[in-house]
Amino acid sequence: MTNHWIDLRNADVILVMGSNPAENHPISMKWILKAKERGAKLIVVDPRFTRTASKADLYAPLRSGTDIAFLGGMIKYILDNNLYFREYVAKYTNASFLVNPDFKGPGELDGLFSGYDAKTRKYDKKAWSFQMDENGIPKKDPTLKDKNCVFQLLKKHYSRYTLDKVSSITGTPKDKLIEVYKLYASTGKPNRVGTECYAMGWTQHTVGTQNIRAMAIIQLLLGNIGMPGGGINAMRGESNVQGSTDYGLLFHILPGYLPTPTASLANLKGYIEKHTPTTKDPKSVNWWGNRGKYITSYLKAIYGPHATKENDFGYAWLPKLDEGMNASWLMLFDQMLKGKFEGFFAWGQNPACSGANANKTRKALSKLKWMVNVNLFDNETASFWRGPGMNPKEVQTEVFMLPCCSSVEKEGSISNSGRWAQWRYKAIEPIGQSKPDAEIINELYYRVKRLYQEKGGTYPAPIVNLTWNYGHKGPDGKIKEVNVHEIAKEINGYYLDDVYDKKANPPALLGKKGELCATFVHLQDDGTTSSGNWIYCQSYTQKDGKITNMMARRKKTDPTGLGLYPEWAWSWPVNRRIIYNRASVDPEGRPWDPNRPLLSWNPAKLDPKTNKPGVWEGDVPDGPAPPYNNEKGKYPFIMRADGMGALFGPGLNDGPFPEHYEALECPLQENIMSKQRINPAVKMFFAEGGKNLEDVYLSCDIRFPYVGTTYRVSEHWQTGVMTRHVPWLLEAMPQQFVEMSEELAREKGIKSGDKVTVKSARGEVWAIAVVTKRFKPFKVAGSTVHQVGLPWHFGWQFPEDGSGGDSSNLLTPTIGDANTMIPESKAFMVNIEKAKA
Amino acid sequence: MNTNKTQVPLFSFGTLVLLILMSIGGFAAFYRFAFGLGASTNMSDAVPWGFWVAFDVLSGVALAAGGFTITAAVYIFNMKKYRPIARPAILTAFLGYLMVIVGLVVDIGQPLRFWHPLVMWQYRSVMFEVVMCISLYTTVLTLEFAPAVFERLKLGWALKLIKPFHYPLIIAGIVLSFLHQSSLGGFFLIMASKVPSLWYSPNMPYLFYLSAICVGLAMVTFESIMSAKAFKREYETDIIKGLAKGTTVALLVYLVARIADLATRGTLPLLFDGSTVSKYYLAELVIGFVLPMILLALRNVRESIPGVLTGVSLVIFGVLFNRFNTNFFTQVGNGASYFPSWMEIAISVGIVAGGIFVYRLAVLYLPVFHAEMEH
Amino acid sequence: MATIAQPKGVLVDLTKCIGCRSCQIACKSWNGRSVKKTVQNGTFTNPVDMNSEAYTVVKFVETEKDNMISSWDFIKTQCMHCKDPACVSACPVGAFEKKPNGPVNYISERCIGCRYCMMACPFNVPKYEWEKISPIVQKCTFCSDRQEEGLPPACVKACAPKALYFGNYDDVVAEAERRIKENPGKYVDHIYGKDEAGGTSWMYISGVPFEQLGFKTNIPNVALPTLSWAMLKTIPMKVGGLITILAAIAYIRNRGNSGGGSASSKNEKEG
Ligand SMILES: Nc1nc2c(c(=O)[nH]1)N[C@H]1C(S)=C(S)[C@@H](COP(=O)(O)OP(=O)(O)OC[C@H]3O[C@@H](n4cnc5c(=O)[nH]c(N)nc54)[C@H](O)[C@@H]3O)O[C@H]1N2
Ligand SMILES: Nc1nc2c(c(=O)[nH]1)N[C@H]1C(S)=C(S)[C@@H](COP(=O)(O)OP(=O)(O)OC[C@H]3O[C@@H](n4cnc5c(=O)[nH]c(N)nc54)[C@H](O)[C@@H]3O)O[C@H]1N2
Ligand code: SF4
Ligand code: SF4
Ligand code: SF4
Ligand code: SF4
Ligand code: SF4
Ligand SMILES: [Mo]
């Protein structure tokens, strides 16, 4: 979330598209309904009428996988009718930047951008660049008239998204499209703000990232980014998934969104050069210019005294990715199936049910020598070897179960979607033999380290050099009990020496040796500071000498009246509650909307630190620098080298502007927008005539005529391991089901409550038919297209009698988004038959 | 001391059948107490009042109305002609109420607490009033029938002892009967939104009472015919004729009241809206009340035993049907459905069989038909 | 504890309910209810109705306008805690009692299991433990145990979007009226439960006409007990009247025949 949960109440229009908060983030509805009480309007765009839609002022259906078309139409509508926020667009976005004249878009290249290589399915992005002036600053045309300026290119690109085309792609009736466009575009005025709530409905597509990009463009055009009640808000998933990404639980990043080193970057210097953007524009803060300080402090945190200037702070010990290597979920299980792994820790997950194309995943597990399942319960993964279609005699995998205790049986922090790190306390003692995950890791670390020390082995350094000061050590040198506070402090980071602000003269003392860092602004690249995760610097710190756990704060003061609650828990970065908040004020530093004063520049008031006039009041600003127009002023989007919101986004693999492509499996012979049916930049797992039939896909095939999607229900959690064991919840949602329209049911002679089989090219599940008015057939490209949907909460392992059914991931394809590789579990093709009793 | 021993043996084929039915019922009852209502009946949250309430209680009580009607006729209105059947009527009523009580004990979920209402008074409850009346009336009936026993045991002193209470008892019986017979209809007053409007009426209590008189007379008639058959005695044609006439009058009064009630509530149109409810209602009204009234109004029918038997049987059916309809359409309105389990039926049948069996014993060993001796 | 004596009420605002069923689960949790095995029955409503283990059940209702779904409503059902409850007056042993602060309580030790309460309740709330050998009636308690402690009912507490508004009865009614008045067109102009059955502690407001949502709309606006009381209260008079009349008739009709009615006595003499 750019904003935070409570901030939803400040919106004038809330677009829920690609998520279903009422069922998956119930608490958010409290704030959405509060906004409605203020007169805000709620729009829901979803293939089916959800519990969220039941509270909407305006509901529009669309066929799964067509959001870019829908949003492209909105962009066109906004531009055609001059509903965008002119000053914001001109000054705060890269609309005025001049793009390389060689750049061509899908309009000219029939669905492709310039630089496409069909063999590698990759783009050479040379042409997706800006024209630079003599001192290396992008050329601009403030009038936005130049035919090569981003604004004009945007216009050109989306001029193709006409109502008729959009409607025949999405299946959304034209009048509904217009209603939505009109209502949402009404937030283009300074005094009106719109927000967007998305989640898996947008991400789980081959065009997932571009779905969100499209919305980001709209929010920038309407001047909604940085505003209270605005922004673009990812309703995150697993209760601490925000934390897991912040801490780099992904193959391509280290904690704090530092890129994982690649083999070609032999030393720290090389790494920093590669990953530190530069700008010559004095008005741009270019925060990532500090990359060096963050990676160095990270290395100091994990390798402590072992990390020295001489040994490059142990950079060499960091694991490296091969150039262009992708180690995402789908790849891992693909490799596992090919027998590339010996062992696997299924730690707090249930891939046998959650992974797309479950049949493949389950088969892959059987190729392992050993597997460790760290979980609260036995589940379909731990017991895969005795699952459907498995022959225990043939499975060689040795499975270990490590019982871990649940979140309420241990202390620690949890980061919610609004970037709040909140401290949680242990409510009850761990049950049975279960241990907190940290204890299990501690045990593992100790034993692995000892093995390295005793037996040597290849490259022990990365392990034996780790600092591990998380509690009192026993005689054997093992930590008796992990103290999570010590971990939290290491994450925040320490001054490893007296650290001075060298710019000031005389140099001012920033922090004394051994104290906890006050802010990441103080972090150094010379090894005098440590921080396990720079964005969390200040979360556990020294406030006037006293060590304070900022995440444990519980004060309910609300100075701005906007519900920021700055003293409740702590939010990264530096307790900023709404990021890009410098974009919520005009170039003079006055709030765009005086009734929503998130931030305002007070030129008269003295800055307590510097004793110079001019301070920001309100939220913690995106950097202390004075506003845009001030001679020392800065651009609002400080994390971007050019300081501007990116309408044109050359960073992504599949194009600087979002373009509509069909899902891998779709009901259409060809894409109505162009000759490119599917996203040209996605990695393909299956090729015509390929032998890896587990990855097979069948698009526009009469055998699988219906669009299928998967989703969640309030009553269950994820693969259901935690909720299927709760009788009350199972009573409320006892069995796998499939929702379908009355029209389709009639065609198929299916009645509500009937048992049916849902098949895809890869597998099948049985489900109970829920025939409902909430699904309606779509008119797509002139013909009728039916869509059905299933939850993915069920699995064969519990209830033991199998009455629950099995995972709907037995249906989903092996394909991922072109940028993130998240599986496309929201749009695929299926067939439905009445089950033979 | 003269009884029927001479005419009929204690054990006949009939009694054998009775004993079989009783033992089947007995088994079912055992099952019900051992495994609970859910296991033995088809009642549910949707239909909490099943066959037992409809038959054992609502109908049972009505069918036992012969007791007070006849005692009223004989002792209050001093219609000497009917004296011979006074005692059999009292006996049937007495047994009838015992059967009702047994039925209730089987039906309630907490049989061991059957006595609660007697001590935990809740005077705003119709159920409380009914339970109280039934208990008291059963006591009264016991005392009304007691003389027969005393005679048999030659307890002159006891007879003398209760003699002064004769009239008070008779009157008490009639009053109590009026109260609970009507209150059976009163049960439904509180279910205003549930009872189909054809049946629902603030006058339900009175309609129940009037129909009880009809069926009371019909039952007595039915019995005297049947027991005459059973005990090989000639029919008391004169009495039967009289009873038939009485029934006709009662039916007429009842029908007038009922139609008037329909009309005043403006529900007459509903009669012909073709709904299931209306069909059942018409069937009940026509077959159960109008038809027998017409039949019994015809002299030649009234003169013939089979004729009278048909007539009164229809009335009995009519009242049963009325009680069943009121009870079930009040519940199964919203989609719910119900049909009694075999055990529910078996238990009720068993109870009835038991009643008849005891009646037979009584008749054989006690001076029930003393009228004979007055010849 | 004076506040407790104040009659409490709950307003269910259907326009705020998101059908999350937290209330259904929270109720089970607080009241230690178990489950009765269910199957997916083709709808989201599960269990299909309240039962002895489910004091409250959320019902899912779809409504349609010109072949497009026009609304999906979620109706939390539970005991309405009537002001003058049919169940209380129906019970022959006083196993139900209306507490001054609202809850209609059940004292299982008194219950004989006649199930008249189930018949009498216009909302079909009391449910029976059919499967048990010594069954009792079960229904929503309005969490009177929590209310004793000054806590709101468990379901209210669990309701994230605040679709359940708990407070003093008068404030609840006022709040309902305010919401209807201040949002023209949003609600149908009716507070379900304000008058039905003579008034209930739980009330509903809705954007969709109640009859379309399966609410019982034929319940008279009178306290149902008054309907049977009308009969019961006349009993003493009737008894008195009847006795006098019968005695009179008996006297007149039996004048002269000394022996009185007792046939038996005669027989004795003759026998
Ligand atoms: N109760 C409950 N809450 C949860 C979870 C849970 O399992 N249970 N899981 C948590 C996790 S990990 C996550 S990631 C979040 C996910 O939160 P959501 O993304 O809200 O979850 P989903 O139900 O998968 O998908 C949301 C909606 O996307 C719709 N949809 C499907 N295809 C498309 C499409 O092509 N376009 C659009 N616009 N919509 C589409 C579906 O109909 C569905 O209503 O929920 C979190 N919260
Ligand atoms: N078809 C389809 N597939 C999907 C999705 C979809 O929308 N559609 N959504 C995807 C999304 S968004 C996600 S996040 C993934 C989730 O995929 P998974 O994470 O594999 O699925 P979960 O069921 O969340 O697994 C979490 C496991 O952690 C265990 N657990 C709970 N608490 C703890 C703890 O404290 N410690 C440990 N060690 N274990 C614990 C739980 O018992 C559970 O088994 O599924 C993905 N799969
Ligand atoms: S995190 Fe917990 S409280 Fe928040 S919405 Fe999800 S389930 Fe509800
Ligand atoms: S908890 Fe509240 S919102 Fe959820 S279903 Fe119950 S009443 Fe509705
Ligand atoms: S709703 Fe039914 S159970 Fe609840 S108080 Fe009213 S009558 Fe009694
Ligand atoms: S079942 Fe129990 S609570 Fe209900 S009326 Fe009968 S005795 Fe009273
Ligand atoms: S008030 Fe208490 S008992 Fe009644 S539904 Fe709510 S939680 Fe359940
Ligand atoms: Mo997720």
Side-chain angles (χ1 to χ4, degrees), chain A residues 21-34 36-37 48-56 59 61 173 176 713-715 726-739 742-743 745 750-755 767-776 799 801 803-805, chain C residues 13-48 51 53-54 56-58 60-75 158-163 179 182-183 186 207-208:
Chain A
E23 303 190 48
N24 301 320
H25 303 89
I27 289 292
S28 67
M29 286 308 278
K30 174 178 173 181
W31 307 111
I32 291 178
L33 292 174
K34 271 212 159 58
K36 272 169 68 86
E37 278 171 20
R48 59 185 184 123
F49 194 91
T50 62
R51 287 183 234 193
T52 313
S54 78
K55 295 290 153 280
Y59 164 73
K176 284 282 166 203
V713 299
S714 320
E715 296 76 3
V726 179
W728 299 324
L729 294 170
L730 201 60
E731 178 190 50
M733 277 288 181
Q735 290 173 303
Q736 177 64 280
F737 62 91
V738 55
E739 294 185 288
E742 292 168 338
E743 291 78 356
I750 294 168
K751 287 187 295 357
S752 238
D754 286 355
K755 193 175 193 180
I768 305 298
V770 172
V771 179
T772 168
K773 304 179 188 325
R774 294 176 290 102
F775 255 124
K776 282 279 165 208
D801 61 5
S803 59
Chain C
D13 187 336
L14 296 183
T15 69
K16 281 183 157 38
C17 174
I18 60 171
C20 67
R21 296 203 266 193
S22 311
C23 48
Q24 192 173 315
I25 306 302
C27 175
K28 290 230 176 205
S29 163
W30 177 260
N31 295 294
R33 299 286 85 203
S34 79
V35 304
K36 297 190 174 179
K37 198 175 190 324
T38 56
V39 295
Q40 169 51 263
N41 52 44
T43 72
F44 277 22
T45 309
N46 225 339
V48 288
N51 63 47
E53 295 298 335
T56 183
V57 166
V58 178
F60 293 69
V61 183
E62 298 173 358
T63 24
E64 197 175 34
K65 226 191 260 112
D66 39 59
N67 190 39
M68 258 296 252
I69 176 137
S70 56
S71 79
W72 191 19
D73 286 275
F74 321 110
I75 298 116
C159 180
K162 306 245 176 292
R179 290 186 192 181
E182 291 180 7
N183 303 280
K186 184 176 180 191
V208 178

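Order of the sequence lines sets the chain letters (A, B, ...), proteins ahead of strands, with each chain counted from 1.
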Self-check item: Most contacts with chain A, counted as non-hydrogen pairs under 4.5 angstrom, among C/M68, C/E53, C/Q40
Solution: C/Q40
Practice problem: May I ask you to decide if C/V39's main-chain N or O and A/Q735's side chain share a donor-acceptor pair within less than 3.5 Å? | Solution: no
Self-check item: Closest-packed option against chain A by number of heavy-atom pairs under 4.5 Å, given C/C20, C/S29, C/S70, C/C159
Solution: C/S29
Self-check item: Partner residues of A/W728 under the ring-ring contact (aromatic ring centres under 6.0 Å, His included) criterion, sequence neighbours left out
Solution: none
Quiz prompt | Partner set under ring-ring contact (aromatic ring centres under 6.0 Å, His included) for A/F775, not counting sequence neighbours | solution = none
Exercise. Measure from NZ or CZ of A/R774 to the centre of the six-membered ring of C/F44 and say whether it is under 6.0 Å with the direction within 45° of the ring axis.
Key: yes
Quiz item: Is it the side chain or the backbone of A/L730 that comes within 4.5 Å of chain C heavy atoms, both, or neither?
Solution: backbone
Self-check item: Largest heavy-atom contact set with chain C, pairs under 4.5 Å, which of A/I32, A/V713, A/L729, A/I768
Solution: A/I768
Quiz prompt | Test: C/K37 and A/E731 ion pair at under 4.0 Å | solution = no
Self-check item: Any side-chain heavy-atom pair of C/I18 and A/S54 under 4.5 Å
Solution: no
Quiz item: Just wondering, do C/R21 and A/M733 contact through their side chains at under 4.5 Å, heavy atoms?
Solution: yes
Exercise. Dump the intermediate steps for side-chain contact (heavy atoms from CB on, under 4.5 Å) on C/E64 and A/E742, then the final yes or no.
Key: CA-CA 12 Å; C/E64 197 175 34; A/E742 292 168 338; 4.2 Å; yes
Practice problem: Give the minimum heavy-atom separation between A/V770 and C/G42, together with the two atoms involved. | Solution: CG1-O, 3.5 Å
Quiz item: Top residue by heavy-atom pair count (under 4.5 Å) with chain A, among C/Q24, C/K186, C/E182, C/K36?
Solution: C/K36
Quiz item: Any idea which of A/A56, A/A769, A/S803, A/A22 has the most non-hydrogen atom pairs under 4.5 angstrom with chain C?
Solution: A/A22
Exercise. Let me see the working for A/K773 and C/N67 under side-chain hydrogen bond (donor to acceptor under 3.5 Å, both in side chains), right down to the final yes or no.
Key: CA-CA 8 Å; A/K773 304 179 188 325; C/N67 190 39; over 6 Å; no
Quiz item: In Å and rounded to the nearest 0.5 Å, what is the NZ to NZ distance from C/K16 to A/K55?
Solution: 10.0 Å
Quiz item: With only heavy atoms counted, which part of A/T52 is less than 4.5 Å from chain C, the side chain, the backbone, both or neither?
Solution: neither
Quiz item: Is any side-chain heavy atom of C/E62 closer than 4.5 Å to a side-chain heavy atom of A/F49?
Solution: no
Quiz item: Rounded to the nearest 0.5 Å, how far apart are CZ of A/R51 and CZ of C/F74?
Solution: 6.5 Å
Quiz item: In terms of heavy-atom pairs under 4.5 Å with chain C, which of A/A53, A/S714, A/P734 leads?
Solution: A/P734
Quiz item: Counting heavy-atom pairs under 4.5 Å to chain C, which of A/S752, A/A732, A/G753 comes out on top?
Solution: A/A732
